[in-house]
Amino acid sequence: MTEKLSAEEAVGENLLRIEEAIQDACIRAGRRREEVTLMGVTKTVDPDRINAALRAGVRCIGENRVQEFLAKRERLELAGGEAHLIGHLQTNKVRQIVGKVTMIQSVDSLRVARAISEASQKQKGDPEAVDPVRQTGVTPVLIEVNIGGEEAKSGVAPQELEKILEEVSCLPGIQVRGLMTVPPIFDSEAEKRRVFLNMYKLFIDIRGKNRDNVSMDILSMGMSGDYIQAILEGSTMVRIGSALFGKRNYPA
Ligand SMILES: *Cc1c(COP(=O)(O)O)cnc(C)c1O
């Protein structure tokens with residue numbers, strides 16, 4: 001069997017494998033499969049292959065860069081599916097992306113949160129905007145946490161989370177739906193699980209505080225190399241790129 005798979009078949013096969021692994025992890029963790037959403041991460045992936053994933057059953061995609069997403073957006077067959085922004089968002093790009101995605105997962109400062117809130121309120125009633133932004137003038141967001149305390153990574157430090165949530169919860173144009181993280185890369189299972197467990201504890205802790213405008217129902221963690229461990233520790237959304245679409249080819 002050396003026949004080369006079409007791009008569409010390859011994505012379908014990868015999806016089957018990932019789906020099986022997710023189901024296994026859910027069983028091991030005593031969780032229901034419906035508790036975990038699979039996001040396909042589509043940076044550098046062309047619209048044809050993204051559409052293959054959507055046709056194969058992926059219901060949610062994540063893009064890192066505003067410009068790249070806007071360039072591909074018209075060609076995506078999203079239908080009822082969702083697109084989320086998962087990469088660092090600069091304040092000066094906020095107006096271009098609000099209303100074009102269902103959720104922004106990468107809120108890492110009060111400044112960017114304020115800009116999203118303001119832009120969302122302006123989008124209310126705009127026929128071009130996605131629901132729910134059009135209907136409510138509110139963008140659902142996640143706060144990105146730098147759980148490993150890495151210098152080079154964006155995200156709010158765990159000890160600053162309370163403060164930012166307090167301020168963000170007063171903004172009329174955003175609703176905090178949970179937390180997102182990109183943890184450090186670890187080789188050992190134990191270390192992977194330890195950081196994910198720390199995230200889960202933060203998530204549960206904040207959920208218990210019942211703040212206005214803050215409903216902790218999404219914990220977005222786990223990528224191609226660690227989504228099993230993330231599910232075992234309570235992730236509700238895994239963001240999978242290379243395991244689904246193959247190795248990324250970055251343009252030179
Ligand atoms: C690229 C990326 C992913 C997916 O990474 P893979 O290792 O290819 O699965 C997930 N989350 C974020 C924020 C990313 O930038």
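Counting convention: from 1, in listed order, for ligands and their atoms alike. Scope of the values below: all heavy atoms of this structure, side chains included, with no hydrogens, waters or symmetry mates.
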**Request:** Of the side chain and backbone of Leu244, name the one, both, or neither that has a heavy atom under 4.0 Å from an atom of ligand 1.
**Result:** neither
**Asked** Side chains of Thr37 and Arg59: do they bring a donor and an acceptor to under 3.5 Å?
**Response** no
**Prompt:** Relative to the heavy atoms of Asn64, which atoms of ligand 1 are at a distance of less than 4.0 Å?
**Reply:** 14 (C), 15 (O)
**Message:** On a heavy-atom basis, I'd like to know which of Lys43, Met221, Met223, His88 is closest to atom 14 (C) of ligand 1.
**Reply:** Lys43
**Request:** Using a strict 4.0 Å threshold on nitrogen-to-oxygen distance, state whether Glu77 and Arg55 make a salt bridge.
**Result:** yes
**Prompt:** Which residue and non-hydrogen atom of the protein lie closest to atom 12 (C) of ligand 1, and at what distance in Å?
**Reply:** Ile86 CD1, 3.6 Å
**Fill in**
Per-atom filter on ligand 1: closer than 4.0 angstrom to a heavy atom of Val182 are 13 (C)
**Request:** Name the closest protein heavy atom to atom 9 (O) of ligand 1, giving the residue it belongs to and the distance to 0.1 Å.
**Result:** Ser224 OG, 2.5 Å
**Request:** Report yes if some heavy atom in the side chain of Arg207 is under 4.5 Å from a heavy atom in the side chain of Ile204; otherwise report no.
**Result:** yes
**Item:** Ser242 neighbourhood, listing ligand 1 atoms whose heavy-atom distance to it stays under 4.0 Å
**Value:** 6 (P), 7 (O), 8 (O), 9 (O)
**Asked** Do NZ/NE/NH1/NH2 and the carboxylate oxygens of Glu150 and Lys153 come within less than 4.0 Å?
**Response** yes
**Complete:** ligand 1 atoms nearer than 4.0 angstrom to some heavy atom of Ile240 are 9 (O)
**Asked** Considering residues, nucleotides and ligands other than Glu34, do more than 12 of their heavy atoms fall under 6.0 Å from its CD?
**Response** yes
**Prompt:** What residue and heavy atom of the protein are closest to atom 11 (N) of ligand 1, and at what distance?
**Reply:** Arg239 NE, 2.9 Å
**Arg248 near ligand 1 by a heavy-atom separation under 4.0 Å** = yes
**Numbered atoms of ligand 1 (with element) below 4.0 Å of Val41, judged on heavy atoms** = 1 (C), 2 (C), 3 (C), 4 (C), 10 (C)
**Asked** Which atom pair, heavy atoms only, marks the closest approach of Ile18 to Tyr227?
**Response** CA-OH, 3.7 Å
**Prompt:** Do the side chains of Met216 and Val176 get nearer than 4.5 Å, heavy atoms only?
**Reply:** yes
**Message:** Closer than 4.0 angstrom, basic N to acidic O: yes or no for Asp126 and Arg134?
**Reply:** no
